Amino acid sequence: MIRVRFAPAPTGYLHIGGARTALFNWLFAKQHQGKFILRVEDTDIKRSTQESVQAILDSLNWLGITWDEGPYFQSERIHIYKEYVEKLLQENKAYYCYCTPEELETQRKKALESPDMPAYDGRCKNLSLAQRQKYESADRKPVVRFHILPGITSVNDLIREELTFDNRLLGDFIILKSDGMPTYNFACIIDDALMEITHVIRGEDHISNTPRQILLYQALGFELPIFAHLPLILGMDKTPLSKRHGDVAIKHYIEEGYLPEALVNYLALLGWSTSDSQQIISGTELVTKFSLERVSKNSAIFDLEKLRWLDGEYIKGLEIDTLTGLCGRYLNKLEIGNWKLEIGNFKEIVRLFQERMRTLGDFVERARFFFVDTDSLKYEPEAMTLLTKNGVSEIMEEVKLRLSQLPSFTPEAIEICIRGLAEELRIKAADIIHPLRAILTGSKVSPGIFEVVSLLGQEIVEERISKILERVKG
RNA sequence: GUCCCCAUCGACUAGUGGCCCAGGUCAUCACCCUUUCACGGUGACGGCGGGGGUUCGAAUCCCCCUGGGGACGCCA
């Protein structure tokens, strides 16, 4: 039975990189009918927060990444880690170290100048009882360090083949902090072993931790999992995605009105591909097609434009009723406008924008003129210039009159009316359409004007023409 | 500085010695459709980082260089 886990530290929101890691683990588990376990690595008491835990859970849920076990909290498992620390201590595979952070800092600075990789020099390795007592009475709180034996450690990575490391470069690292909490490397392997994790799928930034962890597995007699290190996700400036790049939180994409299916699809494409470079792959298809062997070795740059394109594709593929529901809920959440529209019309409005929006946020932005009253409608300066031309006011007055007399306010009737008027006046239909669009929408850009006029309704159309013409004159 | 990883169009990638004078997708540009925008359609631009090998033959294998990234925490 395949068992994988996603193990975030609750020190912030779930971001793009973490979500991708979670997704790959989840896909792998689903594909093999295995278990996906969620484990919260909250051993950093100072930085872990309950809000972060909730935020991460919420984002995972939104993405549809569901867990079969957990969430487990490492902070609730301290006694387990201590047990294993004790075991290593007794077997002389670990030792107490009384160096203070300050002392270590000066050691590190010195080591940085030497041509070697900076590593703890092991000065507390063979402390005599007397020395230890001296430190204890000086009230120094010790940490526990893992004793690393010389040798070569190799990692068999599913994505990168074999990686080898010289143990000498690792240094006796800390496994138990002076506050009694385990460090990441220690808690992580204890849990992975005890939770019987078969495949450790995580970011490439963990490669250098892996030899340390393998040594720990071996020291404790645990069976090794299979490792797979995913490439990193970079920003457009080729540096790893971070807060500096702005919108890295999944929450941001929820708020901007992206579809979870689209984000999942995009995330899957970031570092993984099919042999035919298929772009649009639904969740269920991903489960069957995904494979770790096809994960790329090189880091990928997050491209918002492509995400937006994909989201648009998913929106186009939605049933109109589904999309209407999504738009309605999104609009309500933003509390925009006073609704003078029939609910039946709302669906027609959504239909007008289905092919024009890439996110729900786009819809709100572009369809706004439907939902706000004339007085609070923003008019773009470029649109206003269309109204100041000679004769436009008169033409618009005539349009208003004609439209108000229309017995049927369908797009077809409106089109006949407008085109007829243009013919009578011997002008191009466009010369009516463009100013009319500006008046009704405040913009030079909108869906087809006849549909817009129809859906806005006779009353609002007349009102807008009157008010705006008034405004142009004054 | 030391160790480790990586290297195909601007971006994501296909490619595992001949099918590749490199294919797909996003973006960009042009044209068509058209009341604007978008959609849709057609097409264009654009890439194997460099140098050595190996081979009849290299994007694919080996070495060096260069470039990018990661790690070197009582963070995870």
Side-chain angles (χ1 to χ4, degrees), chain A residues 7-11 41-44 46-48 74 97 99-101 104-105 108 111-119 141-145 155 157 160 163-166 168-171 173-179 181-185 187-188 202-211 229 231-232 234 236 238-240 266 269-280 294 296-310 312 316 352-358 362 366 415 418-419 422 428-434 436-438 441 443-450:
Chain A
T11 54
E41 306 218 322
D42 54 350
T43 50
D44 184 342
K46 286 190 276 301
R47 295 201 298 150
S48 297
Q74 290 190 324
C97 167
C99 297
T100 62
L104 291 170
E105 189 48 42
R108 192 173 300 124
L112 230 32
E113 286 163 21
S114 85
D116 280 337
M117 199 162 147
K141 293 267 181 293
V143 299
V144 176
R145 285 183 184 273
V155 183
D157 191 284
R160 282 152 221 281
L163 317 172
T164 59
F165 301 84
D166 188 336
R168 249 179 347 113
L169 272 9
L170 266 24
F173 58 92
I174 294 169
I175 57 176
L176 193 72
K177 307 181 212 174
S178 58
D179 65 359
M181 295 297 268
T183 57
Y184 161 73
N185 277 129
C188 177
R202 65 205 338 181
E204 190 188 289
D205 47 341
H206 286 289
I207 285 184
S208 57
N209 284 320
T210 313
H229 288 97
L232 264 22
L234 276 26
M236 358 285 162
K238 292 208 168 204
T239 64
Y266 181 68
L269 256 25
L270 232 39
W272 172 83
S273 63
T274 61
S275 58
D276 61 350
S277 288
Q278 183 183 348
Q279 301 296 310
I280 297 176
R294 288 197 62 85
S296 158
K297 287 191 186 58
N298 31 340
S299 41
I301 293 174
F302 182 81
D303 181 7
L304 184 65
E305 277 313 309
K306 185 152 180 181
L307 203 211
R308 285 181 51 75
W309 167 74
L310 254 178
K316 270 180 261 172
L352 285 188
F353 287 94
Q354 183 161 22
E355 289 193 334
R356 282 169 237 261
M357 63 166 122
R358 266 133 132 84
D362 285 353
R366 295 179 197 183
E415 176 158 14
I418 301 274
R419 291 199 189 279
K428 285 183 291 183
D431 291 332
I432 298 178
I433 287 166
H434 294 308
L436 183 57
R437 167 177 290 117
T441 71
S443 169
K444 289 176 84 170
V445 173
S446 85
I449 193 67
F450 309 122

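Labels below follow one simple rule: chain letters A, B, ... track the order of the sequence lines, proteins then strands, and each chain is numbered from 1. Remember, it's a predicted structure, so these values are computed and weren't measured experimentally.
More than 12 heavy atoms of other residues, nucleotides or ligands shown are found within 6.0 angstrom of CZ on A:R294.
In this entry the distance linking CD of A:Q279 with C1' of B:A14 reads 10 Å, nearest Å. Atom C1' of nucleotide B:G73 and atom CG of A:D179 are separated by 14 Å, given to the nearest angstrom. The distance between atom CE of A:M357 and atom C1' of B:A38, rounded to the nearest whole Å, is 12 Å. In this structure, the CZ atom of A:R308 is 19 Å from the P atom of B:C12, given to the nearest Å. In this entry the distance linking CZ of A:R437 with P of B:U36 reads 8 Å, nearest Å. Distance A:L310 CG to B:A27 P: 10 Å, rounded to the nearest Å. The CG-C1' distance, from A:L352 to B:U36, rounds to 14 Å in whole Å. Taking atom CG of A:L304 as the reference point, atom P of B:U28 lies 13 Å away to the nearest angstrom.
Residue A:S446 is classed as a base contact, given a heavy-atom separation below 4.0 Å to a base. When heavy atoms are screened at a 4.0 angstrom cut-off, A:F353 is found touching no nucleic acid atom at all. Within the nucleic acid shown, A:S443 has no heavy atom closer than 4.0 Å to any nucleic acid atom. At the heavy-atom level, A:R202 lies nowhere under 4.0 Å from the strands shown. As judged by a 4.0 angstrom heavy-atom cut-off over every strand, A:H229 is placed among residues making no nucleic acid contact. At the heavy-atom level, A:P240 lies under 4.0 Å from the strands shown only through sugar-phosphate atoms. Residue-level contact check: A:N209 touches the bases, meaning some heavy atom is under 4.0 Å from a base atom. The residue A:K444 sits close to a base: some heavy atom pair falls under 4.0 Å. Counting non-hydrogen atoms under 4.0 angstrom, A:G448 reaches a base of the nucleic acid. Residue A:A429 is classed as having no contact, given no heavy-atom separation below 4.0 Å to the nucleic acid. Looking at heavy-atom distances under 4.0 Å, A:S273 makes contact with sugar-phosphate atoms alone, never a base.
Rounded to whole Å, the separation between the P atoms of B:U25 and B:U42 comes to 10 Å. Nucleotides B:G10 and B:G47 have their C1' atoms positioned 10 Å apart, rounded to a whole Å. Remark: the separation of the C1' atoms in B:U8 and B:G1 is 32 Å, to the nearest Å. B:G23 and B:C33 are spaced 29 Å apart, taking the C1' atom of each and rounding to whole Å. For B:G70 and B:G18, the P atoms lie 35 Å apart once the distance is rounded to whole Å. The C1' atoms of B:C65 and B:U28 are separated by 34 Å, rounded to the nearest whole Å. Nucleotides B:A14 and B:G24, compared at atom P, are 15 Å apart to the nearest Å. Separating the C1' atom of B:C75 from that of B:C64 is a span of 38 Å, rounded to the nearest Å.
You'll find the side chain of A:I418 reaches within 4.5 Å of the side chain of A:L436, heavy atoms only. A 4.5 Å side-chain heavy-atom check between A:V143 and A:T183 finds every atom pair outside the cut-off. Residues A:I207 and A:F165 are in side-chain contact: their nearest non-hydrogen atoms beyond the backbone lie under 4.5 Å apart.
Across every strand in view, B:A7 sits in a pair with B:U66 that passes the Watson-Crick or G-U test at under 3.5 angstrom. Checking B:A27 for Watson-Crick or G-U wobble geometry (two distances, each under 3.5 Å) identifies no partner in any strand. Shown here, B:A38 forms no base pair; nothing in the strands shown gives a Watson-Crick or G-U wobble contact with both key distances under 3.5 Å. Under the Watson-Crick or G-U wobble criterion, with both distances below 3.5 Å, B:C45 is left unpaired in every strand shown. B:U2 is paired with B:A71 under the Watson-Crick or G-U wobble criterion, all donor-acceptor distances under 3.5 Å.
Using a distance-only test at 3.5 Å, with no hydrogens or angles considered, no donor-acceptor pair links the side chain of A:D205 to the main chain of A:L232. With A:S299 contributing its side chain and A:L234 its backbone, the two residues share no donor-acceptor pair below 3.5 Å. Side chain of A:R366 to backbone of A:R356: a donor-acceptor contact under 3.5 angstrom is found. Remark: side-chain polar atoms of A:D42 are paired, donor with acceptor, to backbone N or O of A:Q74 under 3.5 angstrom.
Taking for each of A:D166 and A:W272 the nucleotide of RNA chain B with the nearest heavy atom, the 5'-most of the two is the partner of A:D166. Residue A:I449 is the one, among A:I449 and A:P142, whose nearest nucleotide of RNA chain B lies closer to the 5' end (criterion: closest heavy atom).
Distances from the side chain of A:A300 to the nucleotides B:A76, B:C12, B:C74 place B:C12 closest. Of the candidates B:C3, B:U25, B:C75, the closest approach to any side-chain atom of A:K177 belongs to B:C75. The side chain of A:E204 has B:C5 as its nearest neighbour among B:C3, B:C5, B:U25. Which of B:A76, B:A11, B:U13 sits closest to the side chain of A:I301 comes down to B:A11. Side-chain atoms of A:E305 lie closest to B:A27 of the nucleotides B:G70, B:A27, B:U13. Relative to the side chain of A:R47, the nucleotides B:C3, B:A27, B:C75 differ in distance, and B:C75 lies closest. Proximity note for A:L270 (side chain, C-beta onward) versus B:C26, B:U35, B:C12: the nearest is B:C12. Looking at the side chain of A:K316, the nearest of the listed nucleotides B:A14, B:C39, B:C26 is B:C39. Of the candidate nucleotides B:C74, B:G23, B:A7, B:A7 has the atom lying nearest to any side-chain atom of A:N298. Taking every side-chain heavy atom of A:R108 into account, B:G73 is the closest of B:C26, B:G73, B:C39.
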Stepwise, does the side-chain hydrogen bond (donor to acceptor under 3.5 Å, both in side chains) test hold for A:N298 with A:S296?
CA-CA 6 Å; A:N298 31 340; A:S296 158; 2.6 Å; yes
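For a distance-only test at 3.5 Å, the side chain of A:K428 fails to qualify as a donor-acceptor partner of the base of B:U35. Judged by distance alone with a 3.5 Å cut-off, no donor-acceptor contact links the side chain of A:R160 to the base of B:C5. Donor-acceptor pairing under 3.5 Å, judged by distance alone, is present between the side chain of A:S277 and the base of B:G23.
Within the structure, every side-chain polar atom (N or O) of A:R168 is placed at least 4.0 Å from both OP1 and OP2 of B:C3. Proximity of A:R356 to the phosphate of B:U36: no side-chain N or O atom is located under 4.0 Å from OP1 or OP2. Side-chain N/O atoms of A:S208 include none lying less than 4.0 angstrom from OP1 or OP2 on B:C72. Distances shown here put a side-chain N or O of A:T43 below 4.0 Å from the OP1 or OP2 atom of B:A76.
Taking CG of A:D303 as the start and CZ of A:R308 as the end, the distance is 11.5 Å to the nearest 0.5 Å.
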